[in-house]
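Model, not experiment: these values are computed from the prediction. Atoms within each ligand, like the ligands themselves, are counted from 1 in listed order.
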Amino acid sequence: MIKLGVLISGSGTNLQAIIDAIAAGDLDAEVVLVISSKPDALGLKRAHDAGIATIGLTREVYNNQTAADELIAEEMLGAGAQYIVMAGYMRMVTGPILNVFPDRVINIHPALLPSFPGAHGIADAYSSGVKVTGITVHFANAAYDEGPIIAEEALVIEEGESLQSLEERMHAVEHVLYPKTLQLIAEGRVAVDEDRRVRIS
Ligand code: GAR
């Protein structure tokens with residue numbers, strides 16, 4: 001059983017998928033704390049409904065990234081989190097978090113990194129005309145949407161498919177891939193080599 005601290009910024013559907021996978025017995029983990037970069041994020045209600053402790057960062061705290069990341073690291077440690085799971089947390093994490101949780105901060109991104117990083121991975125891939133995109137789960141480092149890749153799943157963009165349809169299919173894949181990848185971590189099967197590549201055993 002691993003203890004997860006989850007960072008969100010918005011609707012929290014990936015958080016919900018994690019909560020549901022734990023309840024279904026598919027993910028051997030406990031979410032000990034959810035912190036949102038926005039105090040009104042819908043994901044906070046999902047956490048609250050699941051009986052999970054929550055913190056919504058005030059704008060004042062959020063605007064000072066060092067102060068925000070120090071507070072996140074302190075609260076996550078205090079709650080007993082062993083891993084930090086970024087689930088739609090829309091900014092990079094910095095030293096105060098990464099130093100306390102080295103190779104223990106995990107992010108999901110809706111594109112096949114290193115292609116289409118940033119806040120609009122699905123739309124950027126769609127409008128570029130690529131025929132294949134996908135989902136990446138990776139360890140976070142000090143650069144946004146970078147860091148050793150743990151898992152990827154590709155999706156073919158269908159001929160004439162709408163952006164909305166692609167978004168729906170991408171989210172459906174995320175909601176399976178993220179809990180599944182976290183379960184690999186819970187089983188102790190994910191290691192980062194000296195060459196900074198992830199080895200799955
Ligand atoms: C997800 O699609 C996630 O991959 C993306 O934000 C969405 C959050 O949805 N993250 C990024 O783009 C990170 N660069 P959710 O709040 O419903 O889980």
Has E146 got a side-chain atom pairing as donor or acceptor with P117's backbone, closer than 3.5 angstrom? no

In the structure I gave you, are the side-chain heavy atoms of E187 and D28 within less than 4.5 Å of one another anywhere? no

Any side-chain heavy-atom pair from E60 and N64 closer than 4.5 angstrom? no

Under a 4.0 Å heavy-atom cut-off, which residues neighbour ligand 1? S11, G12, T13, N14, G88, M90, I108, H109, P110, G118, Y144, D145, H171, E174

May I ask you to test the E30-I22 pair for a side-chain heavy-atom distance under 4.5 Å? no

Given side chains that start at C-beta, do those of Y89 and I72 come closer than 4.5 Å, heavy atoms only? yes

Is the number of heavy atoms from other residues, nucleotides or ligands within 6.0 Å of CD (E74) greater than 12? no

